[in-house]
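Structure first, commentary second.
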Amino acid sequence: MGDFGTQEPSRRRLGRGLNALLGMAPTGPSTEAEPGTSSNISVDLIDRNPFQPRHEFDPAALNELADSIRQHGVLQPVLVRSAGGGYQLIAGERRLIAAKKAGLQEIPCRVLALTDQQVSEVALEENLKRQDLNVLEKATAFQGYLDRYGCSIEVLSRRLSLDRSTVSNMVRLLELPEAVKADLRSDKISAGHARALLSLKSDSDRVTLCDRIQKEGLSVRKIEEAVRDLNASLDDSVVSIKGKKPKSQTTIVELTPHVLSLRDQLRDWLGASVEITLAARDQGKIVIEFQSSDDFERIVGKLHRAA
């Protein structure tokens, strides 16, 4: 029933956990609604968290939680901070909504003194743990944090104890056309499909291939192959338009599981789209895409440091 209390050991999946992020330890109940204390507070005095990335909650799950609260009460306090003569929610929105549905007039709260930036980080940390939060909701929340506080992806990933590539790859999904994002949001395509579509050079190709994913039930690997073929055909077209004689057709060697694994490792390490094409057993090319001059400098810097 708790929204945030269980910390898992996986650093990459869930970051550091709320207790580590807030630097707090559980305390016993208190009758004073002051920072660091616990108290029952009227549900009408609590406003939602403006930095909450989640906008939709499963009605059936909320009804189930409300039934549990009617029977057992709210077993774990929600986190709030003082704001405008009342309180603002930090974490535990599901419990607050379910408590209202259950008819509760008050809810146990733990009052904390946090800045806007800390509240933003708590909202991100809390929702990283929820598998049903759509990947685009996470991406939008990450981008909102970056824009609001003017920090880099590197800084945000450190704050949440996530790999930089995890944050970067998620934020890049916002570059997709609206039609593709709508299909991703409704789970018609997976995040893996969406990341593969990012490597295409035009939105029209992205939408077309997105439709094929659904009609033909194509796997992520099949989509990656289709993306390579489309980009290769576009490159040949550019050569022809410039009046240069196209090179003779070269047999493309299918990537082995080992090479595919190395390609995925490069993608994760660089936080960028990487494609490997083999023309022979010991020949081929590696293509690394960048989205801006800053992204280019970041990738080059990382390669220099590795060298």
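Using a 4.5 Å cut-off on side-chain heavy atoms (C-beta onward), E93 and I97 make contact. In this structure, the side chains of I41 and V80 come closer than 4.5 Å at one or more pairs of heavy atoms. Side-chain contact between I189 and I223 is absent, with no heavy-atom pair separated by less than 4.5 Å. Residues L96 and I107 meet the side-chain proximity criterion, which asks for heavy atoms closer than 4.5 Å. When side chains are defined from C-beta on, I286 does not count as touching E275, because their heavy atoms never get closer than 4.5 Å. At a threshold of 4.5 Å between non-hydrogen side-chain atoms, the residues L112 and I90 count as touching. A 4.5 Å side-chain heavy-atom check between S39 and R110 finds every atom pair outside the cut-off. Taking the side chain as every heavy atom from C-beta outward, Q117 and S120 never approach each other to under 4.5 Å.
In this structure, CG on L136 lies 10.0 Å from OG on S186, to the nearest 0.5 angstrom. One distance of note links CD of E121 with OH of Y149; it measures 8.0 Å at 0.5 Å rounding. For the atom pair CG of L270 and CD1 of I288, the computed distance is 5.0 Å after rounding to the nearest 0.5 Å. Note that the OG atom of S273 and the CG atom of L266 stand 11.0 Å from one another [nearest 0.5 Å]. The line from OG of S202 to CG of L230 is 8.0 Å long, rounded to the nearest 0.5 Å. A distance of 11.0 Å separates CG in L176 from CZ in R195, rounded to the nearest 0.5 Å.
Linking Ile, Leu, Val, Met, Phe, Trp and Tyr whenever their side-chain heavy atoms come within less than 4.5 Å puts L114 and L160 in one cluster. Using a 4.5 Å cut-off between side-chain heavy atoms of Ile, Leu, Val, Met, Phe, Trp and Tyr, with links allowed through other members, L262 and L278 fall into different hydrophobic clusters. Following chains of ILVMFWY side-chain contacts shorter than 4.5 Å, one cannot reach V155 starting from I153, and the two form parts of different hydrophobic clusters. Hydrophobic clustering of Ile, Leu, Val, Met, Phe, Trp and Tyr side chains at less than 4.5 Å, counting indirect connections, unites V300 with V274. V220 and L184 are assigned to two separate hydrophobic clusters, defined by single-linkage of ILVMFWY side chains at heavy-atom distances under 4.5 Å.
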task = Give the C-alpha distance, both sets of side-chain angles, the deciding distance and a yes or no for salt bridge (charged side-chain N to carboxylate O under 4.0 Å, His left out) between R81 and D116.
result = CA-CA 10 Å; R81 64 173 178 168; D116 283 354; 2.6 Å; yes
request  = Would you check, one step at a time, whether the test side-chain contact (heavy atoms from CB on, under 4.5 Å) holds for W269 with K302?
outcome  = CA-CA 9 Å; W269 180 60; K302 199 153 192 175; 3.3 Å; yes
request  = Starting from the C-alpha separation in whole Å, work towards a yes-or-no answer on side-chain contact (heavy atoms from CB on, under 4.5 Å) for M170 and V135.
outcome  = CA-CA 7 Å; M170 200 170 293; V135 66; 3.8 Å; yes
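The backbone N or O of D67 sits nowhere less than 3.5 Å from a side-chain atom of H72 that would complete a donor-acceptor pair. Between the side chain of S168 and the backbone N or O of R164, no donor-acceptor pair lies under 3.5 Å. Using modelled atom types, one side-chain atom of N49 and one backbone atom of F51 make a donor-acceptor pair closer than 3.5 Å. Using a distance-only test at 3.5 Å, with no hydrogens or angles considered, a donor-acceptor pair links the side chain of R70 to the main chain of K101. A side-chain donor-acceptor contact under 3.5 Å links R95 to the backbone of Q76.
No donor-acceptor contact under 3.5 angstrom links the side chains of Y87 and S42, judged on distance only. Donor-acceptor pairing under 3.5 Å is recorded for the side chains of Q143 and D147.
In this structure, A66 and A98 approach most closely via the heavy-atom pair CB-O, 3.6 Å. The shortest non-hydrogen separation linking R263 to I276 is CB-CD1, 3.7 Å. Summarising the geometry of F142 relative to L162, their closest heavy-atom pair is CZ-CD1, 4.2 Å, with the distance given to 0.1 Å. Closest approach of P177 and D203 over heavy atoms only: CD-OD1, 3.6 Å. What you find for G92 and V78 is that their closest heavy atoms are O-CG1, 3.5 Å. Here the closest non-hydrogen pair linking L198 and R206 is O-NH2, 2.9 Å.
For E64, the CD atom is loosely surrounded, since the number of other residues' heavy atoms within 6.0 Å does not exceed 12.
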Review item, side-chain donor-acceptor pairs of residues 207-215, under 3.5 Å, at least two apart:
{"residue": "T208", "atom": "OG1", "partner": "S204", "partner atom": "O", "Å": "2.9"}
{"residue": "R212", "atom": "NE", "partner": "E216", "partner atom": "OE2", "Å": "3.1"}
{"residue": "R212", "atom": "NH2", "partner": "E216", "partner atom": "OE1", "Å": "3.4"}
{"residue": "Q214", "atom": "NE2", "partner": "D183", "partner atom": "OD2", "Å": "2.9"}
{"residue": "Q214", "atom": "NE2", "partner": "C210", "partner atom": "O", "Å": "3.2"}

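For the pair E224 and R267, the salt-bridge criterion is met [side-chain N within less than 4.0 Å of a carboxylate O].
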